[in-house]
Undergrad: 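Sharing a structure, written as structure tokens. Questions coming.
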Amino acid sequence: LQNSSIVLNNYITRKEYLKMQYEIIEFGGWGNCIRISNENIELIVATEIGPRILRFGFIGGQNFFYLSRDDSGKTGGREWRIYGGHRLWLAPEAIPFSYYPDNEPVPFFIKDNHILLDQPAEKTTGTVKQMEISLSPGKNEVTVLHRIINRSTESIELSPWALSAMAPSGRAIIPQEPYGAGNDYLL
């Protein structure tokens, strides 16, 4: 990061921290993936592409995310690939605005129960995509904080779009704010 710092506070006990595991593994044809787990669940995060979460599920269970067999293990190049998993996009969806290839290595930092993925600035938009991923050591809970930082010299009108490609026949239950009618719920 340029002219800034990130402080990740430690809100977990040493006993909880010892229940968590980090390791560098091969997954889906990519080396140097980070596996973070507690006693029940695991995430696998790519560092050769991304920022992208490739796997989420119970240890020894199915991957809740879809992964493209045609794109597994591929890196580099100028073409956009679906890959699958969970990623961060730019909205509104447009070509090439949203479809910048995330085919290059992503610097990462690990501290306590957090992983920070910090993609280099995109050549076309000048934006930097970050994911800060934390896994609760004591319960089956994951938090993903998404950031888009504009490093270009121009203003950009956009919205962050966190996208998960789910495995076939799966189900995701996502809590939503209550719906309201008309102008009562506008910002």
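Residues: numbered from 1 along the sequence shown. Side chains are part of it too, since the values below use all heavy atoms of this structure and drop only hydrogens, waters and symmetry mates.
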Undergrad: Name all residues meeting the salt bridge (charged side-chain N to carboxylate O under 4.0 Å, His left out) criterion together with Glu79; count only those two or more places apart in sequence or in a different chain, and write none if there are none.
TA: Arg81
Undergrad: Under the 4.5 Å side-chain heavy-atom rule for ILVMFWY, direct or indirect, which residues accompany Leu145?
TA: none
Undergrad: Hey, could you give me the NZ/CD distance between Lys111 and Glu132, rounded to the nearest 0.5 Å?
TA: 11.5 Å
Undergrad: ring-ring contact (aromatic ring centres under 6.0 Å, His included) with Phe64: which residues, sequence neighbours excluded?
TA: Phe56
Undergrad: Considering only heavy atoms from C-beta outward, does the side chain of Tyr100 approach that of Thr125 to under 4.5 Å?
TA: no
Undergrad: My understanding is that only residues two or more places apart in sequence, or in another chain, count here; which of them pass side-chain hydrogen bond (donor to acceptor under 3.5 Å, both in side chains) with Arg87?
TA: none
Undergrad: Val142, Phe58: one ILVMFWY side-chain cluster at the under-4.5 Å cut-off?
TA: yes
Undergrad: Has the side chain of Thr47 got a donor or acceptor atom that lies under 3.5 Å from a matching backbone atom of Cys33?
TA: no
Undergrad: Please check this pair: side chain of Arg52 against backbone of Asp102, looking for a donor-acceptor N/O pair closer than 3.5 Å.
TA: no
Undergrad: Return the set of residues passing side-chain hydrogen bond (donor to acceptor under 3.5 Å, both in side chains) with Thr124 (not counting sequence neighbours), or none when no residue passes.
TA: none
Undergrad: Quick one: closest heavy-atom pair of Pro160 and Leu88, and the distance?
TA: CB-CD1, 4.1 Å
Undergrad: How long is the straight-line distance from CD of Glu93 back to OG of Ser98, given to the nearest 0.5 Å?
TA: 5.5 Å
Undergrad: With sequence neighbours left out, which residue pairs that include part of residues 120-147 fulfil the ring-ring contact (aromatic ring centres under 6.0 Å, His included) condition?
TA: His86-His146
Undergrad: What's the separation between atom CG in Leu135 and atom OG1 in Thr143, rounded to the nearest 0.5 Å?
TA: 9.0 Å
Undergrad: Check side chain to side chain contact (heavy atoms under 4.5 Å, CB included) between Asn40 and all other residues, then give those that pass, not counting sequence neighbours.
TA: Asn38, Asn140
Undergrad: Flag the pair Ile148 / Val128 as yes when at least one side-chain heavy-atom distance between them is below 4.5 Å, and no otherwise.
TA: no
Undergrad: Sort out for me which residue in Gln130, Lys129, Met131 forms a side chain to side chain contact (heavy atoms under 4.5 Å, CB included) with Arg147.
TA: Gln130
Undergrad: What residues, two or more places apart in sequence or in another chain, satisfy side-chain hydrogen bond (donor to acceptor under 3.5 Å, both in side chains) together with Arg55?
TA: Glu42
Undergrad: Which residues pass the side-chain hydrogen bond (donor to acceptor under 3.5 Å, both in side chains) test with Thr75, not counting sequence neighbours?
TA: none
Undergrad: Find out whether Asp118 and Phe109 are in side-chain contact, i.e. whether some heavy atom of one side chain is under 4.5 Å from a heavy atom of the other.
TA: yes
Undergrad: Is there a donor-acceptor pair closer than 3.5 Å between any side-chain N or O of Ser72 and the backbone N or O of Gly29?
TA: no
Undergrad: Is the shortest heavy-atom distance from the side chain of Pro105 to the side chain of Glu48 under 4.5 Å?
TA: no
Undergrad: Once ring-ring contact (aromatic ring centres under 6.0 Å, His included) is applied, do any residues pair with Tyr99, and if so which ones, sequence neighbours excluded?
TA: Trp80, Trp89
Undergrad: List for me each residue that meets salt bridge (charged side-chain N to carboxylate O under 4.0 Å, His left out) alongside Glu157, sequence neighbours excluded, and say none if there are none.
TA: none
Undergrad: Does the side chain of Ile156 reach to within under 4.5 Å of the side chain of Phe97, using non-hydrogen atoms?
TA: yes
Undergrad: Is there side-chain contact between Leu90 and Glu122, with heavy atoms separated by less than 4.5 Å?
TA: yes
Undergrad: Show the nearest heavy-atom pair for residues Gln119 and Pro51, with the distance to one decimal.
TA: CB-CD, 3.6 Å
Undergrad: In the hydrophobic cluster built from side-chain contacts under 4.5 Å, what are the other members alongside Tyr83?
TA: Ile25, Phe27, Trp30, Ile44, Ile49, Leu54, Leu67
Undergrad: Are Tyr22 and Leu43 connected in the hydrophobic side-chain network, where two residues link if heavy atoms are under 4.5 Å apart?
TA: yes
Undergrad: May I ask you to decide if Glu154's main-chain N or O and Ser152's side chain share a donor-acceptor pair within less than 3.5 Å?
TA: yes
Undergrad: In the structure I gave you, are the side-chain heavy atoms of Ile34 and Ile24 within less than 4.5 Å of one another anywhere?
TA: yes
Undergrad: Taking Ile133 as the starting point, is it possible to reach Trp161 by hopping between hydrophobic residues whose side chains are less than 4.5 Å apart?
TA: no
Undergrad: Can you see which heavy atom on Glu104 is nearest to which on Gly77, and at what distance?
TA: OE2-N, 4.1 Å
Undergrad: To the closest 0.5 Å, what do you measure between OG (Ser134) and CD1 (Ile115)?
TA: 9.5 Å
Undergrad: Ile95 and Leu158: same hydrophobic cluster, using ILVMFWY side-chain contacts below 4.5 Å?
TA: no
Undergrad: Nearest 0.5 Å, please: how far is CG in Asn150 from OG in Ser155?
TA: 7.0 Å
